[in-house]
Amino acid sequence: MWGGGVVDWDGLRRELGDWYERVRRDLPWRRTRDPYAIWVSEVMLQQTRVKTVIPYYERFLERFPDVAVLAGADLQAVYKLWEGLGYYSRARHLHAAAGMIMAQMGGRVPSDPQVLRRLPGIGDYIAAAVLSIAFDQPFAVVDGNVKRVLARVFLMETPVNHPPGHARFQTVADRLLDREQPGRHNQALMELGALVCTPKRPLCPQCPWTAHCRALQSGAVPDFPRRVKPRRPGEQFWVAGAVLKKGRLLLTRRPDRGLLAGLWEFPCDRMDGAADPAADCAAMVRRQVGLHCAPPQHLVTVRHAYTHFKLRMALYLCPWQGGRVRLDGPDHFDWVRPDQLDRLPLHGAVHKALPALLQALRGQ
DNA sequence: GAACCGTGGTA
DNA sequence: TTACCAAGGTT
């Protein structure tokens, strides 16, 4: 894998550690050794930028300062704090894991790898991160940063976005790990990927590993890491109906599984056909919440990009005409005054459409 | 093993 | 506008 060349593992570890001590960012989760806080930070940082996470992390630790408080909290409150951060199952898993820790593990984040790994939402990466950073245990993390750095330094052809190749990176990361200071080492390697060995325009002159990097020596840095072509996401069309009754709007909650689990929205569904969207919307309202409404009035159509499909959602204003709410799909509902909408966790597409709705309501 | 699961920044 | 990408995990 390393082309027969000799690798100076000790030199790599030392130079990385020295570099990290010089340039490390002062991040909120680097000011604590509390396993709970480290865990929360790692969950939030999953597929999410540091800059985005910081305010969420601060609020979360303030509101839920330890495992016991989180376990005792209402899941809806956790979702509300997570609103806008995405991947909402992370919030549900964190809450459920806190409950398990209180019920079965004496209220402390477990330091046993096998126990930790059993908690929902904790996979290989987060387990290794918590164990190394909070408990000084010798586990190497492999995230997107680590793969990119290793691919360049060792000229690894393994695609970084193809699960079958993951084990190759883990093997190299294990060999490279500084077992004396695993927490510092793991953070240093990720910091190198975040600050220097970046996806585009890496800052090679600032890299502590210029003498070791095979991609740099062969002028191939822009060609690494390798990546397999992802499939282009398809497009979906949704119709959403804001049912208005006596100045209140009907909001529904999505089921606890699947897309946008647990978040609130206006009743919506994929469009049946392109023939008559307004009639589609009225039919959707009857089907999903059992209500009859006056002819829906188109307010706005928003675009939103999810991981695996693109969405165009048309929002209609639907004056209530009759019927009592009977849910088919959503698992909860509530009639909400427009100025109270911010009490519920809403997803991105709803937030995009909201200004048009509020403006229409003011105009009535 | 492949598909699913969000959002915002950036080029 | 589109494509890429970011401290992954679950089903």
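Residue numbers start from 1 in every chain, and the chains themselves are labelled A, B, ... in the order their sequence lines are given, proteins ahead of strands. The model shown is predicted, which means the values in this text are computed figures rather than measured ones.
Within the nucleic acid shown, G84(A) comes within 4.0 Å of sugar-phosphate atoms alone, with no base atom in reach, counting heavy atoms only. Across all strands shown, P199(A) has heavy atoms under 4.0 Å from sugar-phosphate atoms exclusively, and none from any base. Contact annotation for R201(A): no contact, since no heavy-atom pair falls under 4.0 Å across all strands. At a threshold of 4.0 angstrom between heavy atoms, the contacts of T48(A) include nucleobase atoms, whether or not backbone atoms are also involved. Contact annotation for W29(A): base contact, defined as any heavy-atom pair under 4.0 Å involving a base atom.
As rounded to whole Å, 15 Å separates atom C1' of dG8(C) from atom CE of M44(A). In this structure, OH of Y306(A) is placed 14 Å from C1' of dC4(B), rounded to the nearest angstrom. Rounded to whole Å, atom P of dG9(B) lies 13 Å from atom CG of L85(A). If you measure from atom CG of L311(A) to atom P of dT7(B), you get 10 Å, rounded to the nearest angstrom. Distance OH (Y56(A)) to C1' (dT7(B)): 8 Å, rounded to an integer number of Å. Between L45(A) atom CG and dG8(B) atom P there is a gap of 16 Å when expressed in whole angstrom units. Atoms NE2 (H166(A)) and P (dG1(B)) sit 13 Å apart, rounded to a whole Å. Taking atom CD on E42(A) and atom P on dA7(C), their separation rounds to 11 Å, with Å as the unit.
The side chain of R117(A) has dT10(C) as its nearest neighbour among dT7(B), dA7(C), dT10(C). Closest to the side chain of R227(A), from the set dA7(C), dA6(C), dG6(B), is dA6(C). Comparing atom distances between the R231(A) side chain and each of dA7(C), dA3(B), dG6(B) picks out dA3(B) as nearest. The side chain of K200(A) approaches dC4(C) more closely than any other nucleotide in the set dT7(B), dC4(C), dG8(C). Among the nucleotides dG1(B), dT7(B), dA6(C), the one closest to any side-chain atom of P164(A) is dG1(B). Of the candidates dA3(B), dG8(C), dT7(B), the closest approach to any side-chain atom of Y88(A) belongs to dT7(B). For L27(A), counting side-chain heavy atoms from C-beta on, the closest listed nucleotide (dG8(C), dA3(B), dA7(C)) is dA7(C). Among the nucleotides dT7(B), dA7(C), dT10(C), the one closest to the side chain of H304(A) is dT7(B). Residue R49(A) has its side chain nearest to dA6(C) when only dT2(C), dC4(C), dA6(C) are considered.
Counting heavy atoms from C-beta on, the side chains of W29(A) and I54(A) come closer than 4.5 Å.
Salt-bridge annotation for R117(A) and D124(A): present, with a side-chain N of the basic residue lying under 4.0 Å from a carboxylate O of the acidic one. Taking a cutoff of 4.0 Å between a charged side-chain nitrogen and a carboxylate oxygen, E157(A) and R226(A) qualify as a salt bridge. The pair R287(A)-D328(A) fails the salt-bridge criterion, with no side-chain N (NZ, NE, NH1 or NH2) lying under 4.0 Å from an Asp/Glu carboxylate O. With respect to K80(A) and E83(A), a salt bridge is recorded, a charged nitrogen being found less than 4.0 Å from a carboxylate O.
Annotation for V142(A) and A173(A): closest pair CG2-CB, 3.7 Å, computed over non-hydrogen atoms. The two residues V160(A) and R148(A) come nearest to each other via the heavy atoms CG1-N, 4.4 Å. When all heavy atoms are compared, the tightest approach of A194(A) to R25(A) is CB-NH2, 3.7 Å.
As rounded to the nearest Å, dA11(B) and dA7(C) have P atoms that lie 16 Å from one another. Remark: the separation of the C1' atoms in dC4(C) and dG6(B) is 15 Å, to the nearest Å.
Contact annotation: H308(A) side-chain N/O to dC5(B) OP1/OP2 distance is under 4.0 Å. OP1 or OP2 of dG8(C) sits under 4.0 Å from a side-chain N or O of Q47(A). Here R257(A) reaches the OP1 or OP2 of dT11(C): one of its side-chain N or O atoms lies under 4.0 Å away. Between K229(A) and dC4(C) there is a side-chain polar atom (N or O) within less than 4.0 angstrom of OP1 or OP2.
Residue K310(A) is the one, among T307(A) and K310(A), whose nearest nucleotide of DNA chain C lies closer to the 5' end (criterion: closest heavy atom). Comparing P233(A) and H93(A) along DNA chain C, the residue whose closest nucleotide (by nearest heavy atom) sits nearer the 5' end is P233(A). Mapping L263(A) and P163(A) onto DNA chain B by nearest heavy atom places P163(A) at the nucleotide closer to the 5' end.
Of the residues in residues 123-131 of chain A, those with a non-hydrogen atom less than 4.0 angstrom from any atom of DNA chain C are G123(A), D124(A), Y125(A), I126(A).
Test R184(A), R24(A), R30(A) against E191(A) for salt bridge (charged side-chain N to carboxylate O under 4.0 Å, His left out) and you get one pass: R30(A).
In this structure, R253(A) contributes its side chain and D334(A) its backbone to no donor-acceptor pair below 3.5 Å.
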